[in-house]
Amino acid sequence: MLGSYRAELLKLRKRGAVWVLFAAGLVLSLIFGYLLPYLGYATGEENQQTSGIPRSEVLRGLLPERVMDNTIGGYPVFAGALALVLGAIVVGGEYTWGTLKTILSQRPGRGTVLVGQLLGLLTMIALWVVGMFAACALCSIGIAAVENGSMNWPGPLDLLTGFAGGWLVLSVWCLAGAVLAVAFRNVALPIGLGVVWILGVEALFAGVVTSLLPDLEFLADAMPGANAGALVFAVTGMTATDAPPGVRDAVSGDRALWTLLAYAAVFVVLALVTTRRRDIA
Amino acid sequence: MTKTVEPLVRVTGLTKRYGDTLAVDGVDLMVRPGEVYGFLGPNGAGKTTTLRILTGLISPTSGTVRVLGGSPGQAQVLARTGSMIESPAFYPYLSGLDNLRLLAEYAGVARAKIDEVLELVDLADRAKDRFSTYSLGMKQRLGVAAALLKDPELVILDEPTNGLDPAGMRDMRRLIRELGSGGRTVLLSSHLLGEVQQICDRVGIISAGRMVAEHDVEELRNEQELVIRARPLESAHSVLRRVLGGDAVRLYDDTLRATVGPNRAAEVNRLLVEAGIAVSELRSTERALEDVFFELTTEEKAHAG
Ligand SMILES: Nc1ncnc2c1ncn2[C@@H]1O[C@H](COP(=O)(O)OP(=O)(O)O)[C@@H](O)[C@H]1O
Ligand SMILES: [Mg+2]
């Protein structure tokens with residue numbers, strides 16, 4: 001198991017696409033979390049990020065106190081889509097390159113190889129979360145220094161729940177990408193379907209349910225995206241007014257946590273069962 | 001020499017069905033320790049499918065398969081088997097060296113082994129280049145290096161010379177012969193008769209999913225025939241047909257070929273001369289494996305159809 005895990009880390013570490021995805025997530029969260037709101041604050045003009053929010057509140061949102069909000073606020077949708085792409089390219093690549101047969105001809109069994117691979121992915125996701133946090137923290141320190149804002153940080157427990165919640169949200173999307181890649185033995189199709197789901201289908205469905213089909217709310221509340229948003233909402237303690245897209249209290253934090261864990265478990269089991277049974281060409 | 005040894009690979013009644021196609025149809029196959037076994041057949045005959053089953057990548061529809069005393073795909077069997085199935089598949093963005101490093105992690109093999117196999121396949125000086133920049137021959141050699149990483153008792157190579165230029169083929173064949181002489185058992189598939197004839201000790205011939213023959217290569221090779229040039233050729237043909245039988249004599253453009261050993265050359269010469277025929281050449285050759293193969297596979301088709 002350790003060998004498979006180490007092998008996977010080597011593959012991930014040396015793969016450019018993994019770092020491109022990370023960089024994309026980082027840049028997105030810095031632009032939407034700090035750059036645009038700060039420009040709005042500094043110029044006094046309103047933009048999408050700051051409309052309707054008092055100027056002092058805009059600044060407060062940029063200070064170290066709220067660093068977790070900015071780190072994981074984009075996870076349910078945007079960073080989530082990138083994590084899904086990560087899962088899909090890593091697992092799907094084994095099929096499109098035919099490398100799965102090469103590694104399955106080594107010693108470990110199929111289950112061990114796949115578990116090593118998934119653990120590698122979850123490790124990479126943890127690195128993403130820590131890396132984005134570090135970048136956000138630096139930005140908030142800089143802004144606090146320039147604007148003479150307070151240097152209060154969230155308590156250690158808040159930070160920890162923030163990390164854990166953010167990591168779980170990205171992990172579920174990453175595993176979704178992985179299981180789709182196993183199902184289709186491919187890279188492009190899982191990415192297409194997954195991204196359309198995250199960026200379009202869920203929001204559309206939630207909207208239709210709220211306005212037209214209130215009876216189906218239980219279904220909308222069971223979707224992975226809705227629960228991801230609810231978990232981030234709960235662990236950051238945001239208010240509905242300054243929550244980014246996809247972050248809302250659709251369900252309670254506890255329920256979101258258990259639902260996401262259930263999704264993760266189902267994705268892992270499906271990927272394992274399929275990989276163990278099938279013919280590898 | 002004649003004591004019975006437990007075969008390393010024993011396949012009986014192996015069948016693999018894909019929808020309506022029977023890719024492998026009741027194959028029996030046996031590979032003995034220390035031999036280089038050639039698995040010979042035209043494209044689409046079912047070689048790759050059989051080898052995939054032996055390495056545990058796909059499961060058979062029916063039949064029994066024992067490899068190294070276990071079932072295909074078991075950890076202790078995989079640990080003693082090295083294989084390259086179909087084309088060599090590696091991570092294109094990694095160097096050859098890194099590809100082997102991560103396979104060594106998977107296989108639980110010491111790093112020191114990597115340099116050794118790279119040296120063996122003559123890839124040491126390009127090991128740090130990306131796999132995607134390798135020529136087909138280099139990719140193929142890296143595949144063989146990967147197969148040897150575990151220092152395996154059994155090496156399974158699926159058409160390792162496919163797509164190589166003549167020099168690459170020659171090097172690859174030399175390498176495989178070296179492997180075979182080192183006490184390893186090699187199971188090699190090929191669609192080239194000459195190749196099997198050069199490298200292998202025994203050959204199993206597969207056609208349209210069925211084994212048509214399993215022989216020592218020597219045994220096949222030792223089938224002799226006489227090549228005869230004479231004038232008039234037609235008269236020579238009829239004389240020899242009468243004496244040796246219709247099946248034993250075949251007429252080509254400007255030669256006759258008779259399936260008889262060299263011990264009867266003098267007799268054939270006398271018969272022709274007595275019939276007033278001028279014999280300009282009479283020599284004994286080994287029958288080309290091509291002919292044997294063609295005969296065997298067409299016979300099989302006739303039986304099947
Ligand atoms: N995954 C598959 N699905 C359907 N047919 C297959 C599959 N793999 C192989 N076949 C068919 O099985 C037959 C044997 O193929 P293969 O074992 O690759 O032959 P060889 O390696 O001797 O060229 C071919 O007719 C091929 O088309
Ligand atoms: Mg083949």
Side-chain angles (χ1 to χ4, degrees), chain A residues 1-21 86 89-121 123-124 181 185-187 273-281, chain B residues 16-18 23 48-49 51-61 72-95 97-109 130-132 139 142-143 145-147 149-150 152 154-156 158:
Chain A
M1 175 63 80
L2 206 58
S4 300
Y5 177 64
R6 277 204 301 258
E8 194 56 42
L9 289 186
L10 175 66
K11 286 189 264 175
L12 285 168
R13 189 156 50 84
K14 298 230 173 183
R15 188 160 178 186
V18 171
W19 299 109
V20 170
L21 288 172
L86 175 71
I89 61 166
V90 165
V91 174
E94 305 284 358
Y95 287 92
T96 53
W97 288 326
T99 42
L100 192 55
K101 79 177 176 204
T102 307
I103 57 182
L104 291 184
S105 316
Q106 304 311 313
R107 193 199 198 105
R110 296 181 179 196
T112 312
V113 166
L114 188 67
V115 170
Q117 183 151 58
L118 298 182
L119 286 178
L121 282 171
T123 307
M124 186 47 77
R185 305 169 194 245
N186 196 301
V187 174
V273 169
T274 315
T275 307
R276 291 181 67 146
R277 289 187 161 190
R278 75 159 40 133
D279 283 357
I280 306 290
Chain B
K16 178 70 181 181
R17 180 183 282 282
Y18 289 113
T48 300
T49 305
L51 298 184
R52 278 195 181 118
I53 293 171
L54 291 183
T55 47
L57 291 174
I58 65 179
S59 46
T61 307
Q74 275 181 334
Q76 70 265 31
V77 174
L78 285 177
R80 295 158 63 198
T81 312
S83 58
M84 178 173 78
I85 306 294
E86 199 113 70
S87 47
F90 291 95
Y91 300 91
Y93 62 93
L94 292 178
S95 67
L97 181 62
D98 280 338
N99 269 294
L100 292 187
R101 274 196 185 135
L102 75 93
L103 292 187
E105 289 282 10
Y106 278 117
V109 168
R130 278 170 178 243
F131 177 73
S132 58
K139 290 179 177 174
L142 187 66
L149 209 49
K150 288 177 275 189
L154 174 65
V155 182
I156 298 178
D158 187 16

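The side-chain hydrogen bond (donor to acceptor under 3.5 Å, both in side chains) analysis of residues 3-17 of chain A, with sequence neighbours excluded, yields the pairs A:Y5-A:T123, A:R6-B:E105, A:E8-A:K11, A:E8-A:Q117, A:K11-A:E94, A:K11-B:Y91, A:K11-B:Y106, A:K14-B:D98.
Contacts with chain A were tallied for B:A79, B:S59, B:P92; B:P92 has the most, counting heavy-atom pairs under 4.5 Å. Heavy-atom pairs under 4.5 Å with chain A peak, among B:V109, B:N99, B:T49, B:I58, at B:I58. With chain B as partner, the option from A:L100, A:L10, A:L2 having the largest number of non-hydrogen pairs under 4.5 angstrom is A:L10.
With a threshold of 4.5 angstrom between heavy atoms, A:R110 approaches chain B through side-chain atoms but not through N, CA, C or O. Contact of B:S87 with chain A is made through backbone and side chain together, with heavy-atom distances under 4.5 Å. If you measure heavy-atom distances from A:A281 to chain B, the contacts under 4.5 Å come from both the backbone and the side chain. Looking at B:S83, only its side chain comes within 4.5 Å of chain A, counting heavy atoms on both sides.
The side-chain heavy atoms of A:I103 and B:L103, taken from C-beta on, include a pair separated by under 4.5 Å.
Minimum heavy-atom separation, B:L57 to A:L104: CD2-CB, 4.1 Å. B:A89 and A:G98 make their closest contact through CB-O, 3.2 Å (heavy atoms, listed as atom of the first residue, atom of the second, distance). Closest approach of A:K101 and B:I85 over heavy atoms only: NZ-O, 2.9 Å.
The structure places CD of B:Q74 at 12.5 Å from CZ of A:R107, a figure rounded to the nearest 0.5 Å. Distance check: A:T99 OG1 to B:F131 CZ gives 10.0 Å after rounding to the nearest 0.5 Å. Distance CD/A:Q106 to CG/B:L102: 9.0 Å, rounded to 0.5 Å.
A 6.0 Å sphere centred on CZ of A:R276 holds no more than 12 heavy atoms belonging to other residues, nucleotides or ligands.
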